[in-house]
Structure formats: structure tokens, C-alpha cells
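Working notes, structure below.
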2 protein chains.
Amino acid sequence: MNRQILVVEDEAPIREMITFVLEQNGFNAIEAETIEQAQAKIKEPYPDLILLDWMLPGGTGVKLAKSLKQNEYTRSIPIIMLTARADEDDKVKGFDAGIDDYVTKPFSPKELIARIKAVIRRVAPTALEEAIEFHGIKLDPVAHRVSINDENLDLGPTEFRLLHFFLTHTERVYSREQLLDNVWGTNVYVEDRTVDVHIRRLRKAISGQGHEDFIQTVRGSGYRFSGKIKDRV
Amino acid sequence: MNRQILVVEDEAPIREMITFVLEQNGFNAIEAETIEQAQAKIKEPYPDLILLDWMLPGGTGVKLAKSLKQNEYTRSIPIIMLTARADEDDKVKGFDAGIDDYVTKPFSPKELIARIKAVIRRVAPTALEEAIEFHGIKLDPVAHRVSINDENLDLGPTEFRLLHFFLTHTERVYSREQLLDNVWGTNVYVEDRTVDVHIRRLRKAISGQGHEDFIQTVRGSGYRFSGKIKDRV
DNA sequence: TATTACTGTCATGAAACTGTCACAAAAAGT
DNA sequence: ACTTTTTGTGACAGTTTCATGACAGTAATA
């Protein structure tokens, strides 16, 4: 699952260039021209990082940064500010808003990629590198290994990613589409119902002894991964 | 409640193909060949989304997009542009006019549908995500869970929406029609009395031990969700 | 190249959910 | 007390949604 990076930049050539560089380096770029567009595109598949231009029509990037940092769900998304001036004041303003790093235009692709990787490494080791444990289920992203009650089990790639996603997003219903976006990738065209099949495969794999079904079907809405006992009737 | 999609495309074969694909996927297609036709057909039942061809007789699609975005009532209708060229200039012009997304011809049906769904998902905000508590009733829209006095209970989709509506609109009488509008959706043809049945189902579900009947019947007017002891009339 | 693993899609049957009805019960009106 | 209007309820059939097994195409591996 490639990292999603949201590029907020109003000047088309620069935006295109950045997107190109990102995709050459294995990232997944989402483009936004304005603050409004950015806000719209942030939802659903939350990006792993945001590249935010300093000067934007309709308000400075700092504005957007601040509002993101105030939202529980977007607060943890790292932000790298793109600025044309290495102005000291701007930096201060940016850091107030919780900016994670700066890249001053013009910049080399190498520099950009290096900064991005540095920030991701710094910010998201927990999110993507660290082993997760949940009610006896252990998942180690590095070793790519899963166990339930210390009993190893092997999953196919998709089931692994699906479980990983669920383990990091428990107690919340996700529609089939949201799961597709998050587990399969944003612009993959796959049938909704395919999710069902993979849910089934995952269920089968983790349905060892008596323990509850962690994956709960919420009819008409999607699926939920939960440690709580299934709703009583 | 099918989505209405207006297809503005002058070439009949393409238009018909699109319509076909849309209807296969549960959308409701309205066809228009020219900008004038489109403008005429937009009124009344405002479409939920517009598929707009780039090259149209009598002006480019951007023209139409711009005029739509200037009208208070049509401004919020998302637009997906169909373009034969992945031309940079076109894209920029389109975004100026507030285009929500692009699909470059030729496109696969899957891609088209995926884009449409993505845009609709992005535009239609996912209600309030905040959990509600009212006299021991907890409803969590995110987890899609309901509990009374910490005891989980299972509701069907309609009962869930109905309860959600009531919890966000307590102490106030709603007619059956108002409930239909708010819970079922605006242009749904359903008998008034159907509300009664769902009220009954919801009552049954939340009628645990002794606690009052939260849903009160107001004879001749409708229903009220209230935490107060039922008024003697 | 042969074999194996993995994916996405489909067909099918089961289960859940919905909207309506018909009739009972309750309230309001005469 | 009797009639009329409105609401409560149980039943039911049609529809929608979901679980599941099968299958064929593709990618990975030996």
C-alpha cells in the first residue's frame, strides 16, 4: 500500500512536477489546487503526508494547517510546507500551526523526497513500523507476520493489509468503498463485493478457537473490527 | 433513492453508452445534447452530479460549468468533465470553473463509475460524526452502535437512522411526513403509516426495563422524542 | 515450464429488512 | 353509548443484502 501524499499547490506546472517526482519514487499523489479542494480530498483516505504550498488563493497554507491540527482525525497527518521565501517569520508562523518541516522553492527532487522520507520516518514509525497487538492478535508489519494467541498464521497479501488496516482502525464502521480506498488503493477499480470475499477469507483465517468474530457485519453500512462482544439481539 | 446524473454529451453513441453504464450501476441518467438542453433539464429535479463533455456545439463545457457555479442553486452540484485530451490547459480551465474531477476519453465503465462514486462520496458529507448520549441512550454514528444503559442493541438501518434523527431532534413533534423527509429521504414515495410501523419497531427495540417510552405519540400531529415524563393531555 | 498461490468475479441460497395491509385498540366527537 | 378518526400491532410477501463455494485468470515461485 503506497503512501498517499496530498499535494496542495495552485500552480499547475509545479504541482505536476511534484506529482511526477512523487510517483517516480513510489508515492501516491493526490492533487489539490485550493484550500477548499484540499479539505475535500483529505477525507476518506487520509493522506499519509501533506505537501502544502505557502501561498494559496483564498488564504495561506497555514490556515489550512491550523484547521487540520484542530481536528482529531487529521491532527496526526504530517505537513511539509512549500515556501518560496526562507523567511524567518513564515517559519515561525508555520511551526505554530504544527508544520513538520519546510522545503524552500526551488528545490531538487532529491531534496523533496529526502525530506518526505525523513518526516514519515520520524512521524509514523508507530503507525506503520511497530507491531500491533489487539486482543491476542499480534501483527508485525516489519516481519510481516501475524499470530493469534501466539499461534502463527499466514495470510495472503491482501488479507494482511486488510487486517493491518482493521487493527489500526478498530471500533468503526467502514463501507466497502472505504475499505477499497484504504486497503486496495485509491484509484483501483474493483467491485464492492470483492471486499466481502476477502472479509470472508480473513474471517476464516482468524476464526480459530472459540473467540468471537472480530469482524462484524453492519448490514447496509459495511464492516467493523471490534474487540467487543457482538451486539446482543 | 437513486442518484440523478445529467449526461451532457453531443455524440449520441457515447451518450447512450454512458447512460447504459450508469443505469447498469443503479444511477438515473438524464440526457442532454447541447448546453441549452442541459440548462433546461437541470431545473426541477436538480441532478446529483453532471457528466459534462468538453467539446460541445455552441460553447465549451467549461462555459456551462461556470454558469452553473454562479447560480446559488446549482453551485453545489458536482461536475465531472469528460475530455478527449489530457491537455494541461483544459484541466486548468476546468478547475477554474470548479470542476470536481476529470475523466479522459476513452475511459472504462469501471473507471467512470469509480470516479462518480468518489466525487459523490466526497461531496455528500458524512453527517456528524459525533457520538450522542441522551438519558442513557448512546448512539455512535462512527462505530454505528447503539446502547441503552451500556447494553448494546441491534437496530436495522431504518431504525438506526430514525433513532439518530430523534436523538438530534428531541423534545419536538414531527409529523409523519417530516419524518419521512428526514429519515427516508426527500423524494421517496412511502405511505405515511409506514412511519408508524417503524416507530413501533424502534419502540420495541428500546423498550428495555421500566424506563419511559421515549417516543411519544402526539395524536393528530406526529411523534415526539422526549426524555421528560409523558405529559398528561 | 510447471506448479502453486493469490485475486477478483459470479451464482446461489439464506437471512435480514421493508413497506403494506387488515384488524384491534384507543381517543375524540356527537 | 355510539360513531368516527387515529394509532398500535401482528402478519406477510417482495426486495435487498450478505455469506459462501466455485472458478478462471494472473502473478509468483520452483
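Just so you know, these numbers come straight off a predicted model, no measurement behind them. Throughout, protein chains are lettered first and strands after them, A, B, ... in sequence-line order, and every chain is numbered starting at 1. Scope of the values below: all heavy atoms of this structure, side chains included, with no hydrogens, waters or symmetry mates.
- Side-chain nitrogen and oxygen atoms of B:Arg176 include none within less than 4.0 Å of the OP1 or OP2 phosphate oxygen of D:dT6.
- Classified by interplanar angle (parallel below 30°, tilted 30° to 60°, perpendicular above 60°), the ring pair A:Tyr174/A:Phe165 is perpendicular.
- Between the P atom of D:dT17 and the NE2 atom of B:His144 lies a distance of 13 Å, rounded to the nearest Å.
- At whole-Å resolution of the value, CG in B:Asp196 and P in D:dT9 are 10 Å apart.
- Checking each of A:Ile79, A:Val8, A:Ile116, A:Leu6 against A:Leu51 for a side chain to side chain contact (heavy atoms under 4.5 Å, CB included) leaves exactly one that passes, namely A:Ile116.
- Atom C1' of nucleotide C:dT7 and atom CG of A:Leu180 are separated by 13 Å, given to the nearest angstrom.
- Between A:Leu162 atom CG and C:dC6 atom C1' the separation is 15 Å, expressed in whole Å.
- Between the side chain of B:Arg219 and the base of D:dT6, at least one donor-acceptor pair of N or O atoms lies under 3.5 Å.
- Among the atoms of the strands shown, none is found under 4.0 Å from any heavy atom of B:Phe160.
- By the 30° and 60° cut-offs, the orientation of the rings of A:Phe214 relative to A:Phe225 is parallel.
- As rounded to whole Å, 14 Å separates atom P of C:dC17 from atom CG of B:Leu202.
- When the local axes at the two ends of the helix from C:dT1-D:dA30 to C:dT30-D:dA1 are compared, using 5 base pairs at each end, they differ in direction by 30° after rounding to 10°.
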(request) Give the B/S/- string for nucleotides 18-23 of chain C, one per nucleotide from 5' to 3', where a protein heavy atom under 4.0 Å of the base yields B, of only the sugar-phosphate yields S, and otherwise -. (result) BBBB--
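- Proximity of B:Ile30 to B:Val7: side-chain heavy atoms (C-beta onward) are nowhere separated by under 4.5 Å.
- The phosphate of D:dT17 has neither OP1 nor OP2 within less than 4.0 Å of any side-chain N or O from A:Thr217.
- Taking only side-chain nitrogens and oxygens, A:Tyr223 comes nearer than 4.0 Å to OP1 or OP2 of D:dA19.
- The nearest whole Å value for the distance from the CZ atom in B:Arg203 to the P atom in D:dT9 is 7 Å.
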